[in-house]
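Report on one structure; see the data block that follows.
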Amino acid sequence: MQRNRGGPYKTEAATDLTRWRLTNVEGRQTWEYIPEGEAPKRPQTMLEKHVLGLDTSEFAPDLPTPSTAEEAAYNGLQFYSKLQAEDGHWAGDYGGPLFLTPGLVIVCYITNTPFTDEQTKEMIRYLKSVECPDGGWGLHTEGPPTVFGCALNYICLRLLGLPPDDPVLIRARALLHKLGGATGIPSWGKFWLAVLNVYKWEGIHNLFPEIWTLPEWLPIHPSHMWCHCRQVYLPMAYCYGARITAKETDLIRELREEIYVESYDSIEWSKQRSNVASADLYSPHSWILDTAYYFLDWYEMYHSKSWRQKSLDKIYEHICADDEFTKCISIGPISKTIQMLVRWHRDGPSHPVFLLHQDRVKDYLWLGLDGMKMTGTNGSQLWDTAFAIQMYMGCGANKRKEFRDTLDNAHAWLKLTQIPENPPEYSKFYRQMSRGGFPFSTKDCGWIVADCTADGLKAVLALQENCDFLSQEIPEEQLNQAIDVLLSMSNLLYGYSWVGMGYATYETKRGGKMLEMLNPSEVFGDIMIDYPYVELTSSVIQALKKFSNKHAYRNMEILWTVHLGLQYIKREQRKDGSWYGSWGVCFTYGAWFALEAFAAMSFRYDYNNVTEEMKKGCQWLVDHRLHDGGWGENFEACEIKEYVPAKKSQTVNTAWALMALMAVRYPDMEVLEGGIKILLKRQYSNGDFPQENIMGVFNKSCAIHYESYRNIFPVWALGRFAELYPDHRLARKQ
Ligand code: LAN
């Protein structure tokens, strides 16, 4: 089935785009529409116009045509400075997954949380914009249609007010029926449909809320799971246990008639529990999981009421804690939405925490080129800003006066975003220490990530070591706290193999790989535990090394950690010399992180100490250039874990490959020239770059869009080339 490629693409606006304003306070991004008739208090900024696809020529006019990498990088930096938000961070679109907005719309429907007319129109526009070429929707914007995507987004549009005879819905319904109808929706979809009262709870395998009351030493206890998995199944189990179900309305009755092939009353619900359409299936149930379900489903028929209540109370306590720690943002969009539903159900619609949940819906709604969508987290603020700063510093921007404010403002924002305190009683809620760490998005969210901490720290160190004009400083003690966090996240103490030690994402690796046999999600891979990853390990190695070059704090431990980290990266290399990238598309992303780790550990071609792994890694990159001299990969590589070339080279993949090769000072200049020429050719005259294929991924199967990547990585690569090879004719004017 056909899929879309690339984007977001600008589509026809559903509202007057000139009336939208984006406010950025301490990283919190909110879009507001100024009602017709009311005069705007300020004109639109460059950032607003840019992300909405309006004319930005008054802010970002054409720049002198660059003929060298240095000039092109300079153009890119000038352009990107104009996109910095007023609070110092860089804001952008973080859409891509297509199973988020429907959940939110369902919860808002049930809890009577209104969207404004303009939000509604722009959400409808979004789903129309990302429809697959033959109709319907997939798991994400570059995926082929699935039952999950079609059923949820069909329902979403109906709840937003589209009539069933709208052409988009006619196409989606036909496709949904062709795929077998909504009975074959994967388990997370079954959950949403049951909550909305268009599917029976009986058609869902037991979500077993009681698991939360089992002893924590049991390997299957949720405290051993990956935090995202744990935090999603937590409120899901509550809804299941309490059977939270929407009140039947006419619309709900209509939906029951629209999304199934058979008549609603004739569906045998208990037979649908494991019914998952083949178009959706990525991780089939293991026989162990099926056996477990057999017993759990049997137990459900006779379950103890008091144990159930005790379990729900415990879950509720955990939900309250997460709401408190994250100011109702939660760790991600799914848990946020379901926790909002639970709080409404248990505490009532006027409870202050539910009201805060309603207010925090805005944080997840981004208005992009193609309409309004719920984003993968409440933004990618820290991640983008940390990389942006490293790009500026990598291009030597601190030497140009004109970028001082940009750098100073970003530094102030980074300072403010470092987490100042641990959540109260954090270990009771299976959290780890976070004081000193950096989150992926904002301080308010507060969930820290290992590589976000590492890259946040790298950015701060780069600024504080090289800019004498900063108006504030992050004191030594706080830098040390970031080191404390990073060392606390090492997997050494958790029995991970001594021959190497990789870093996981938000926490240490707490469970065995065997737990993956219990992955109930059907659509995602590797979600059960927090696995070690090449990218995260590399980021941490780089940060620790950079820190220990100038600071003596915990030096021995750092030495051990980086050594074992590199061993892990070596071990993860595939036979053909490549590294699989888990959070970016795909092998060029892996290669970039892996080779940077070697460089950080001072293994480089010009030091004459290249290892076999490095040679093979570089050779893999050289061998996988496309005919035009650049690099390009398609998202499918992430799913099948094999290299899949894109039709033409992609600037971001090209930049990653170049950064990797330059990091280790790969000596063949012709290879570098080929890539640099591509970047020079693709850049727009105002310093921006074209948006090409989607470059982010999670859990093997879902793509996610990082708007900043197309600006940051090409410019960083161009700047690195100009800094490293100043005498090269492509680098600088001779
Ligand atoms: C992210 C986004 C950032 C990403 C990196 C920092 C790039 C990575 O190096 C570590 C993992 C991390 C933090 C990450 C984890 C999973 C997230 C939060 C996401 C991909 C964004 C969305 C995704 C989340 C799980 C989406 C909700 C879906 C579920 C399956 C729960």
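These values consider heavy atoms only, across backbone and side chains, with no hydrogens, waters or symmetry-generated copies. Start at 1 and go down the list; that is how both ligands and their atoms are numbered.
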**Study point:** Cation-pi check, Arg510 onto Trp226 ring (under 6.0 Å, within 45° of axis)
**Key:**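 No cation-pi geometry.
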
Part of [X] within contact of ligand 1 (heavy atoms, under 4.0 Å):
X      : value
Trp383 : side chain
Phe593 : neither
Tyr706 : side chain
Tyr94  : side chain
Trp226 : side chain

Result block: side-chain N/O donor-acceptor pairs under 3.5 angstrom for residues 590-597, not counting sequence neighbours:
{"unit_1": "Trp592", "atom_1": "NE1", "unit_2": "Glu596", "atom_2": "OE2", "d": "3.0"}
{"unit_1": "Glu596", "atom_1": "OE2", "unit_2": "Arg720", "atom_2": "NH1", "d": "2.8"}
{"unit_1": "Glu596", "atom_1": "OE2", "unit_2": "Arg720", "atom_2": "NH2", "d": "2.9"}

**Study point:** N/O separation below 3.5 Å, Asn699 to ligand 1
**Key:**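 Asn699 vs ligand 1: no N/O contact under 3.5 Å.
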
Review point. Is it the case that Gln339 and His357 place a side-chain donor and acceptor less than 3.5 Å from each other?
Key: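 Gln339 vs His357: no donor-acceptor pair found between side chains.
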
Practice item. Would you please name every residue forming a ring-ring contact (aromatic ring centres under 6.0 Å, His included) with Phe689, sequence neighbours left out? Key: none

**Study point:** Rounded distance [0.5 Å steps], CD1 in Ile483 versus CZ in Phe547
**Key:** 4.5 Å

Check your understanding: So is Trp188 in contact with ligand 1, going by heavy-atom distances below 4.0 Å?
Key -> yes

